[in-house]
Amino acid sequence: MTDSAKPTLLVVDGHSLAYRAFFALPVDNFTTKDGQHTNGIYGFLAMLINLIKAEKPTHLAVAFDTSRESFRTREYSDYKANRSETPSEFKGQIPLLQDCLAAMSIQVLQKPDFEADDILATLATQGAAQGYNVLVCSGDRDTIQLVTDDVTLLYPNVQGVSQLKRYDTDAVIERYGVRPEQYPDIAALVGETSDNLPGVPKVGEKTAVKWLTQFGSLDALLDGADGVTGVVGNNLREHIDAVRRNRTLNRLLTDVELPVTVTDLEVQPMDAQAVRDIFARLEFKSLIPRVAELAGIEQQMAAVTSAAAMLAPVAVEPSPSDLAAWLDEASGEVAVTVTVDGGLPHRVGFSTADASAEATWNAEVAASLTPWLSSDAPKVFSDAKSQVKALRRAGVVLGGLTFDIIVAGWLMRPSFPDKTLAHLVDRYLDEKLPEADPTQLVPETEGATPGQLSWYTLRVAAKVREELAPSVASVLHDIELPTLQALADMELAGVAVSHAKLSGFSSELAERADAIAQDAYATIGREVNLGSPKQLQEVLFEELLLPKTRKTKTGYSTDAAVLADLQESNPHPFLDQLLQHREATKLRQIIESLDTAIGPDGRVHTTYVQTGSQTGRLSSTDPNLQNIPVRTDESKRIREAFEVGDGYETLLTADYSQIEMRIMAHLSADPGLVEAFNSGEDLHRFVGARVFAVDPSEVTPAMRTKVKAMSYGLVYGLSAFGLSKQLRIEQSEAKQLMMEYFARFGAVRDYLRSSVEQARIDGYTETIFGRRRPFPDLTSPNRVLRENAERAALNAPIQGSAADIMKIALFHIHHDFAAENLRSRVLMQIHDELVVEIAPGEWDAAEKIVRERMGDAADLTVPLDVQIGRGSDWNIAGH
DNA sequence: GCAATTACGTA
DNA sequence: CGTACGTAATTGCC
């Protein structure tokens, strides 16, 4: 029992426990999508969390070995020499584990030349002397010697680390028959196989205990060794030096000099955001709430000493005219929050540095506030787009949008999911946004009102601005905020989709899928769920006995590439039937989701997620209009359902051709590639002619396919292995192709190399327009993480610059259409393509704007080529 | 009911 | 062992 009046010090041997967890947990179940093994980290943290929860330590530290070498190996070179090489899968986990502990504000201690247990011994001794209850958690038996009335050992059971056994003095006596301080004497006599310390032959615990009880101490035993009879007595006399050596080596040091004292180990509040970040990276979803629970306890404790968070002022609710007058007089920026109900404004709230006000949206409020809302008076929002849309539905065109904290937060940290005001309040203000609990009918806590939300928004904006690099700020103001307004209008406009065209096709595909399924069942003689990879594996690899394919986490892959390979090596009708079934059902899925998304206005309104990618691209959801099939004949029928809407004349599509390769030419300034784009020749033909040293007219389709794959692959960091795989050629041939390619376009390789190197130095990549993406993993000692980061870093400036260019073109077009009073409007953006709905009589004017704005969006050393199409539906217009 | 996994559509 | 996304179905866990 612990004395609750005393503080509790918990010291943990990180290395030995993580190592046990590593072997106890199946590595297959603990691997991130990046390939990082996490079983040791996970097992250790799960144990530590349970331990903290159960023991509630007031002071805490985790110690690590720095390497296998220590003063002990210098004294006895065979110490631990029999241990097998530490698996590399484990080694890489230790730095990540230490990152986790740092995020949890847990003190990590290690010291060259000493083992973790020496640090534990030193801290335990200090702690006990200073009146702490001390808990030592270690997987090394030598720590038994530390147990006293004040020091308890927590030792893992044989299996894993989930169960810890408590050793106090009585428990040690019960288990080993001697007092804790005598345990090293026993160990010295018996020896420790795991440390490569042989003891006295034929002497086990029983004999050792008997001797010690008989002689009273190890010294007395060794002095009186001549009096010990029998074979074991002879053995003892012969191995007396080994015993002395063992006893020296297994004595833990209690006077290691450390940079901290026990009082410095007081439990600190966790950095909640850092914990979430690193746990998310390691994909420890289930651990996050468990840590949060702990953090809650700690924050309560910490709150006693730290100042209470500022409380949001109660917003006043003035008359509409007073509110408008107050806004007009506001000197600086005003934060605005519009709550939306049924797509329309419901409540509006405003906050300046020193006051907040709010109102319920109605005709009178709308009339009073519209002039200010549509003016250039500076306004800050949190996630403006949905609010901009609501206002626009109410007839108000928002002006003066100068900051959006969600977009700005994303620009600074595009990889982190700070997608709500609450996240940002947490991260930048270190406060909790009051939120109503949606699971409770009568919430215990009130949610913040719009005025209060604005107050938080304004304060977050100030913090975010401080951290915003100038180049990123310019991306926000010059690209993202204008784009936001254009996106709002695109979403509101939607695109007309014909239910009639879709529903017929859908049932046709359903019938086809059904028929294929029946054939497939006949082929294999039973019914299976063709949508279940698990059941398919049984059929393919156990019943049809086809060769095993690429491994996945849960078995063997059955994806299309794998099935195509199988079909080639082991042709079987089932494979084809499965592929066809997949194709039909997938197509039907897409059609169905599209069909159900058609609104009462006959149009589909997607949502563009402006913060949806790490590179600067948009993403599209509910439904995703950026992955509508295009490659096959069947998919054309889907695009035919995207029609010009009532009151409009035709659709226009405009796409950038080879924009990423053009950006590559610009950034690398490769003379060959620049010439390719300035020559007017087909890019792949031109490149093929150079690579294969033939005349452009002699470039065969096969040659063109190869250089095309190579060119596109470059942008993604493709390897010779990947290239050979894709082109189904020998790796040696792929290697040769890459050599020839770089011999002719060497500046491309130089650029790619130097851009990754620069990113390693800076810690981030930057697009032509200054958009940044951090890459902390470029310096990771973990090869998987590092190489993944290198490929992403290679791609980010190219994909990101293309996204910048498209956004610039988009908002310019949007702006020009309005400025020239055209009714024509942009409907969709598919990364390098725009779809525009042209009002009657406006083709020439609209086409000119689109062509010029896209062509002039960036000033590169190569031209931006824009392809324009026209037609009554997306399929026709897209040609 | 939720999360993980697999597969697949786009640029 | 190719970047960036979103969706849907199955499956296993809580």
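Every chain is numbered from 1 and lettered A, B, ... according to where its sequence line falls, protein lines coming before strand lines. Just the heavy atoms: all of them, side chains too, but no hydrogens, waters or symmetry mates, feed the values below.
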With a 4.0 Å cutoff (strictly under), does any side-chain N or O of [X] reach OP1 or OP2 of [N]?
X      : N      : answer
A:R631 : B:dA11 : yes
A:K534 : C:dA9  : no
A:S557 : B:dA7  : yes
A:T615 : C:dA4  : no
A:K586 : B:dC8  : no
A:N529 : C:dT10 : yes
A:R791 : C:dA4  : no
A:T558 : B:dA7  : yes
A:S613 : C:dA4  : no
A:Q614 : C:dT3  : no
A:S620 : C:dG6  : no

Can a donor-acceptor pair under 3.5 Å be found between the side-chain atoms of [X] and the base atoms of [N]?
X      : N      : value
A:Q626 : C:dG6  : no
A:R617 : B:dA11 : yes
A:N624 : C:dG6  : no

Roughly, in whole Å, what's the span from [atom1] in [X] to [atom2] in [N]?
X      : N      : atom1 : atom2 : value
A:R550 : C:dG2  : CZ    : C1'   : 13 Å
A:W874 : B:dA11 : CH2   : P     : 8 Å
A:N788 : C:dT3  : CG    : P     : 6 Å

Exercise for the section: Look through every strand shown and name the nucleotide pairing with C:dG2 as Watson-Crick or G-U wobble, where both distances are under 3.5 Å. Expected result: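 Because no pair has both required distances under 3.5 Å, C:dG2 counts as unpaired.
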Exercise for the section: With a 3.5 angstrom cut-off on both distances, give the Watson-Crick or G-U wobble partner of B:dA7, or none if there isn't one. Expected result: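 WC or wobble partner is C:dT7.
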Are [X] and [Y] close enough that a side-chain donor and a side-chain acceptor fall under 3.5 Å?
X      : Y      : result
A:Q758 : A:E766 : no
A:S613 : A:R773 : no
A:W874 : A:E833 : yes
A:S657 : A:D865 : yes
A:Q799 : A:E660 : no

Exercise for the section: For A:P414 and for A:Q589, find the nucleotide of DNA chain C with the closest heavy atom, then tell me which residue's nucleotide is more 5'. Expected result: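 Here A:P414 is the residue nearer the 5' end.
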Practice task
Evaluate the ring planes of A:F745 and A:Y741, with Trp represented by its six-membered ring, and classify them as parallel (under 30°), tilted (30 to 60°) or perpendicular (over 60°).
Solution key: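 Answer is tilted, since the angle falls between 30° and 60°.
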Exercise for the section: Could you check whether A:V630 gets within reach of a base, just the sugar-phosphate, or nothing at all, counting any heavy atom under 4.0 Å? Expected result: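 Since only primed, P, OP1 and OP2 atoms lie under 4.0 Å of A:V630, the category is sugar-phosphate.
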